[in-house]
Amino acid sequence: MDLDGGGGAAAGTDHQPMPVLHGRSNAIKQFTQQTLPACKPVLTPAWVIGTFFLMGAVFIPVGLICLHASQSVNEILDRYDIECVPDGFKSNRVAYIKNASIPKSCHRYLKVDKHMKAPIYIYYQLDNFYQNHRRYVKSRSEEQLLHGLGYNRTGSCEPQASENGLPIVPCGLVAWSLFNDTYSFSRGTKKLDIERKNIAWKSDRDHKFGKHVYPFNFQNGSFIGGGKLDTTIPLSDQEDLIVWMRTAAFPSFRKLYGRIEEDLEEDDLIIVHLMNNYNTYSFGGTKMLVLSTSSWLGGKNSFLGVAYIFVGSSSILIALIFLLLHVKNPRPYGDTMYLSGNRKDISS
Amino acid sequence: MEFRRATVFGKHYRNSSVVDGTTKDTETAELTKPTPLSSKGRKLKSDIAVDAQLMGLLHKGLDGSEKISAHEFFLTLAACNTVIPIPSQTTSEGSMGTEIHEDLEAIDYQGESPDEEALVAAACAYGYILFERTSGHIAVDVNGEKLRLDVLGLHEFDSVRKRMSVVIRFPNNDVKVLVKGADTSMLSILREDRENDDLSLITQRHLNEYSSEGLRTLVLAARDLEGEELEEWQSMYEDASTSLADRSLKLRQTASLVESNLCLLGATGIEDKLQEGVPETIESLRQAGIKVWVLTGDKQETAISIALSCKLLTGDMHQIIINGTSESECKMLLSEAKAKYGVKCGGFRTQSFKLKKGAESDFVDVLAESKLSNLPTEDDGNPELTMGGPLALIIDGNSLVYILERDLESELFDLATSCRVVLCCRVAPLQKAGIVDLIKSRTDDMTLAIGDGANDVSMIQMADVGVGICGQEGRQAVMASDFAMGQFRFLKRLLLVHGHWNYQRMGYLVLYNFYRNAVFVFMLFWYILCAAFSTTSALTDWSSVFYSVIYTSIPTIVVGIMDKDLSHKTLLQYPKLYEAGHRQEGYNSYLFWIMMADTIWQSLVLFCVPRLAFKESTIDIWSMGSLWTVAVVILVNIHLAMDIQRWVLYTHISIWGSVIMTYACVVVLDSIPVFPNYGTIYELAKQPTYWFSILLIIVIALLPRFTIKALHRIFRPSDIQIAREAEILRKRRFFYGSRLFWRSTS
């Protein structure tokens, strides 16, 4: 690192005394003559090796902490979309799910392996569901969600903009495909309370979904997509819808269903009463119920921890290689004898 | 431009050099001081040294052919030109003012070329003062006696005839034609009798002396015109000068009528001074691997002498001189030279291509100083085909006529490219362009032509880079040029410093801009693969637009303007550093593909790290887009920051400002409720995973690049890198040194 002397008499061979300039004109002159004070970093061996060691020293501990955080999270996963189909319909699941007369209730038993500390988050996980498809993502109307029927330019919602000549609120494919499996839990004979409020972002509830906008003409068509909405509750309180309408980034995603506000003990047996309403069978998707605790880093994902440790240790390795190479094969710093013109005979 | 020598009537005179004390002239002592010019109170603005002997001859008063010749000699100098005298009143001053009247008239001459001005000024110094010129007559003050001469016709100089002439009528109705021109064109049109032949021989000997001293020579001649001949000429001239078609051809024919059978008066030698710093500049350019060729209109001897004086030619060079007068002779000379020095036909090209593989060489045609010389240049990667010292090819305009118009071009090319120096003399303006074209069309090398005169215009336009010197010879060259400069020596700075800087910046920025856009596009592309191939963009539309316009554009501009790898001092000190450009170190296909591979790696890291870090999580598409927007902007800016060689305040502002600006824009965009991404960044920033992911992206993406760069810099440094280290080391020593000094003195 070195500082380039700033306003020194600049150009070339002739060193005429420069008139002393002040302030603005001096700054302009320094700019146009490119003599601004400058720092010129050079990658010296010390810097490079030091940087790599430093990276190793920072990344490995960070990685360990991340990994530890991830390890401390307990998860119970249960894929139920196949098990919950009655035996007679195993071969034709689509017919089962489309037939409204067949009861959809289903029971699942979950065993708690380890003590789980409240709050325990309940997620449903869908796979192979492309909520990020271009047409799906765009099929919604922000203005309508906020202003309701007062807003009628809902062209973006096609093909779910209107039904029977009346507009749909909330319109669009995203709302139409609302997830509608429901879960309730009991431990032994005692029902577990699920907190279903505050599962959506506050900003969405307060500013994106209207407080006076009520569902209208929703899911009234012949082609039913997903869940129905209670027309007496304004959209800003329909938290399942709000969560659903934050479309997922990847085809395999989780969405928050609710929270269990009490600890689950080791070897507890949780009975899940669920309504298997949602049709993932027609596109080969899967449904999963997830109970998970959380750490400061979020859910269970060891990627960050492993990646940090990996990067940190490779940095140390690279630093050692550099050190070895440098000790075995040192090059004097800034020795102009190493210029190619000096190494060979000057040919011209 | 200074009048130095004259030979009048076979007698040699040299001017003193009182004005220029540094000249080599040893005989100054016997020469007089410049005489105060005329009692009439006219004087030239600058003083010119005169030869006492010649002055004496003019004032002797006795008749005789020698005196008449001298008289006509100076009359020709004063009359046969297109110079316009500009009288200007000056107040008397100094020692002269004490004895001379108040209305001292100073005369300033303005001519087409500095040569003419120098000749008229010389005539003036010897008492033949041109003080008035109108379209019909000129007035010359001959030693105080006013002489009004009617100009009947004027045949202007052209590059075919290489001479000019005027037909003037004296007050006593004598009509004379006065001619001046280049020796080759003049000697053939002299009257053929014994006296004139002898004179011509002596004069030629003097001319050779002059030109080997590096002087530019002109021959003057005159004859009377009378009777029928005059009438014939007059009618023809009238006809030609009013003709609408082929006027120049007709005028040329008319000129040939009178420009014949002339009586030799004498010859002049004018010194064309080399500009300051020419030898050093040429030496630097040569070290920089630039081949310098001189294309000049001067005589061969003059050209060689000038080339020697500017160290273009050196004693250890083998000079190959090609002076053919016919096609076959040229062919023979060329093949002889090739055989002798082992230049292989056509073999040179393949050989040189092998040697330079991927390297571009650089030709610069340079027209040196106020000389009509110009020097093309080329990479020095050529094999030295010599049997000892380097080769120098000297070729004249006549031979070039045969060579360039026939199939000998390739032979010349083979020979010329294996020579270190090529000197073309007596070259016509179009031939200069032809030579530049020879190199341009046969190699991938870059050519630069530098010149100051109107005769360099075609060459300047033909070359890849044209440089004009604004000098005494008018502005045509400057107007036709890409770059204009005041002196030849600035060429060194232009190429070695500014050329180098611009090359480095340009090369880097081309790569960087490819990278900057490709990494963004690839990142979007990978996402499409996991969005059911439906071209969804996770980024908001605004972020996609702002990426190029706001988020990443300003650092590019600032680096393009401010970044410098080396200081100008270092670059001038080691001209060899310029060869980085010849070797295409800044931008080549290898670098391009390496950079592309790096781009794909970086874009994959950009895509995969968040993909894995947020695997099976609740993350939504806008949060993902927001993360990617910020990550890619930080990534490309840090990437750029890693390659910046000179950090000034503006660089810091632009780089870190861009990142801050991006965050600001993201925050603003996420604060507008009608956007689906409303509130995203606020929720996202609460998650530590978000910050850890960005840090991880930056580090993993740049790790390979940084490692390879560090390996190169430390263990396989380029010349530029070493020079840079040396520069910083030197400065540090200076810095600490001055601190120590300061401490010890205080």
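In the text below, chain A, chain B and the rest are named by the order of the sequence lines, each starting its count at 1.
Panel note: side chain A:Arg254, backbone B:Glu616; a donor-acceptor pair is recorded below 3.5 Å. Using modelled atom types, one side-chain atom of A:Tyr308 and one backbone atom of B:Phe692 make a donor-acceptor pair closer than 3.5 Å. In terms of modelled atom types and a separation under 3.5 Å, the side chain of A:Asn301 and the main chain of B:Leu612 share a donor-acceptor contact. At distances below 3.5 Å, not a single donor-acceptor pair connects side-chain atoms of A:Asn132 with backbone N or O atoms of B:Ile621. Proximity of a side-chain donor or acceptor of B:Ser534 to a complementary backbone N or O of A:His133 within less than 3.5 Å is not detected. Here the side chain of B:Glu725 pairs no donor or acceptor atom with the backbone of A:Leu43 at under 3.5 angstrom.
Ring geometry for B:Tyr650 versus A:Phe31: interplanar angle over 60°, hence perpendicular rather than tilted (30 to 60°).
Within the 4.5 angstrom heavy-atom criterion, no atom of B:Val497 approaches chain A. Using a 4.5 Å cut-off between heavy atoms, B:Thr535 contacts chain A through both its backbone and its side chain. In this structure, the portion of A:Tyr123 lying under 4.5 Å from any heavy atom of chain B is its side chain and not its backbone. Interface residue B:Met562: backbone and side-chain heavy atoms are both found under 4.5 Å from chain A. At a 4.5 Å heavy-atom cutoff, the contact between B:Ala531 and chain A is made by backbone and side-chain atoms alike. When heavy atoms are compared at a cutoff of 4.5 Å, B:Arg713 approaches chain A by way of both its backbone and its side chain. Contact annotation for B:Phe675: only backbone heavy atoms (N, CA, C, O) come within less than 4.5 Å of a heavy atom of chain A. Residue contact with chain B, scored on non-hydrogen atoms closer than 4.5 Å, involves the side chain of A:Val62 exclusively. Looking at B:Leu696, the atoms closer than 4.5 Å to chain A (heavy atoms on both sides) sit in the backbone and in the side chain alike. Neither the backbone nor the side chain of B:Thr651 comes within less than 4.5 Å of any heavy atom in chain A. At a 4.5 Å heavy-atom cutoff, the contact between A:Thr44 and chain B is made by backbone atoms alone. Only the backbone of B:Gln645 has a heavy atom closer than 4.5 Å to any heavy atom of chain A. Contact annotation for A:Phe253: both backbone and side-chain heavy atoms come within less than 4.5 Å of a heavy atom of chain B. When heavy atoms are compared at a cutoff of 4.5 Å, A:Leu325 approaches chain B by way of both its backbone and its side chain. Proximity to chain A (any heavy atom under 4.5 Å) is shown, for B:Arg611, by both the backbone and the side chain. For a residue to count as touching a neighbouring chain, one of its non-hydrogen atoms must lie under 4.5 Å from one of that chain's; by this rule B:Asp565 does not touch chain A. For a residue to count as touching a neighbouring chain, one of its non-hydrogen atoms must lie under 4.5 Å from one of that chain's; by this rule B:Ile700 touches chain A with the side chain only.
Between B:Arg724 and A:Val42, the shortest heavy-atom distance links the atoms NH2-CG2, 4.0 Å.
A distance below 6.0 Å separates the ring centres of A:Phe52 and B:Phe706. When ring centroids are compared, A:Phe250 and B:Phe614 stay outside the 6.0 Å threshold.
Taking chain B as the reference chain and counting heavy-atom pairs below 4.5 Å, the highest number among A:Lys255, A:Met245, A:Met55, A:Lys208 is found for A:Lys208. Contact count against chain B (heavy-atom pairs under 4.5 Å) is highest for A:Arg246 among A:Arg246, A:His326, A:Arg135.
Under the 4.0 Å criterion applied to side-chain N and carboxylate O atoms, B:Glu727 and A:Lys40 are assigned as salt-bridge partners.
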